[in-house]
Amino acid sequence: MPLPNIPGYARLNKTHKYSAAGIAAAGAAAIAFAVVPGGNADAKTTAQDLPNKPVALTSQKADAQAHHEALVKQSALADQQAKQEAAEKKAAAEAAKKKAAEEAAAKKAAEEAAAKKAAEAKAAKERAFKQAASRSATRIETVAAEKTYPDNLDGWIRESLDIMKKKGIPGTYEGIHRNIIRESGGDPRAINNWDINAQNGVPSKGLLQVIAPTFKAYHVEGTAWDAYDPVANITAACNYAADRYGSMDNVNGPY
């Protein structure tokens, strides 16, 4: 067999070399005997100890695997719990949002209903006011239409003033009364048959002594076409005086 490669072996003498080789061979034989069954009691004990190392490693690996699986399972449970809590929070937030929206919608609807009710009440009040005003105006018009005047100089002047007011013809009671007294003395059938108008064939007639052409030109609509009619005579004369003098109040003599 070849000699072992031992440092410094080349410097040994032959006797030393043989001794070293013997020692090496004896060590190899001892190792071989230890691994072969049927050796001595010391060799058997060493052989029995050899399988213990793989068994211990296998047990450690199993423990590590079990620990890893436990960690994985615990992580999965924690993740599932976190997802569940997040879902519950989301559902609660959505429910709160929905409730707030419903409350806001209900509040808005209530406000709109109140505003509508107030508007309807206001409209009803305005209608009632207009109807009352209309009835009042109707009553006033009815009273005015039914208004009566005494059949005398005072009544004729007052009725004429009401008509003149509607037509926009100026004049006062005093101005009309004063000129009537001067012109006819208050006689609605008075006629002047001696002045220049009479000589020209158009005598002055009535309370304010109006000639026919003037009466026709300044006749006020709604009154009689008779120059002897007191109201027709007064309103036509005042209409003429307003056109010529600004008002019957400005007439202080023959006109």
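Since we're looking at a predicted model, the values are computed, not measured.
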(request) Could you check whether the rings of W225 and F215 sit parallel, tilted or perpendicular, using 30° and 60° as the cut-offs? (result)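 Perpendicular, since the angle between the ring planes exceeds 60°.
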Gap between atom [atom2] of [Y] and atom [atom1] of [X] - 0.5 Å precision:
X	Y	atom1	atom2	result
R244	N239	CZ	CG	13.0 Å
H219	E221	NE2	CD	8.5 Å
L207	I157	CG	CD1	8.0 Å
H177	N179	NE2	CG	11.0 Å
I169	I234	CD1	CD1	12.0 Å
I180	L153	CD1	CG	5.0 Å

(message) Applying side-chain contact (heavy atoms from CB on, under 4.5 Å) to N193 and I191, what does each step give before you reach the verdict?
(response) CA-CA 6 Å; N193 289 316; I191 184 171; 3.6 Å; yes
(request) Over all heavy atoms of both residues, which pair between A237 and Y255 is shortest? Give the atoms and the distance, please. (result)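 Closest heavy-atom pair between A237 and Y255: CB-OH, 3.6 Å.
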Indicate yes or no for a side-chain donor-acceptor contact from [X] to the backbone of [Y] under 3.5 Å, with no hydrogens or angles considered.
X	Y	answer
T172	G175	yes
D249	G171	no
N233	K205	yes
N200	I196	yes
S160	W156	yes
N197	P203	no

Is there a side-chain contact between [X] and [Y] (heavy atoms, below 4.5 Å)?
X	Y	answer
D162	Y149	yes
Y173	D154	yes
V220	K167	yes
P213	V202	yes
L208	S184	no
K90	E94	yes
T235	M164	yes
I176	C238	yes

(message) Check this for me: does any side-chain nitrogen of one of R178 and E174 sit under 4.0 Å from a carboxylate oxygen of the other?
(response) yes
(request) With side-chain hydrogen bond (donor to acceptor under 3.5 Å, both in side chains) as the test, would you mind laying out the steps for R182 and N252 before giving the verdict? (result) CA-CA 9 Å; R182 187 190 65 251; N252 295 298; 6.0 Å; no
(request) Show your reasoning for whether side-chain hydrogen bond (donor to acceptor under 3.5 Å, both in side chains) applies to Q84 and Q80. (result) CA-CA 6 Å; Q84 184 176 355; Q80 183 179 359; 5.6 Å; no
(request) Could you state whether I181 and M248 fall into the same hydrophobic cluster, counting links through intermediate Ile, Leu, Val, Met, Phe, Trp or Tyr residues with side-chain heavy atoms under 4.5 angstrom apart? (result) yes
(request) Check whether more than 12 heavy atoms from other residues, nucleotides or ligands sit under 6.0 Å from atom CD of E88, and answer yes or no. (result)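 Yes - once you tally the heavy atoms of other residues, nucleotides and ligands closer than 6.0 Å, there are more than 12.
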(request) Check the pair K89 / E85 against salt bridge (Lys or Arg N to Asp or Glu O under 4.0 Å), numbers first and verdict last. (result) CA-CA 6 Å; K89 288 181 179 180; E85 290 177 355; 5.6 Å; no
(message) If you apply the rule side-chain contact (heavy atoms from CB on, under 4.5 Å), what do you find for S204 with V210, and how did you get there?
(response) CA-CA 5 Å; S204 301; V210 182; over 6 Å; no
(request) Quick one: do Y218 and D243 satisfy side-chain hydrogen bond (donor to acceptor under 3.5 Å, both in side chains)? Show the steps, please. (result) CA-CA 9 Å; Y218 290 94; D243 184 44; 2.6 Å; yes
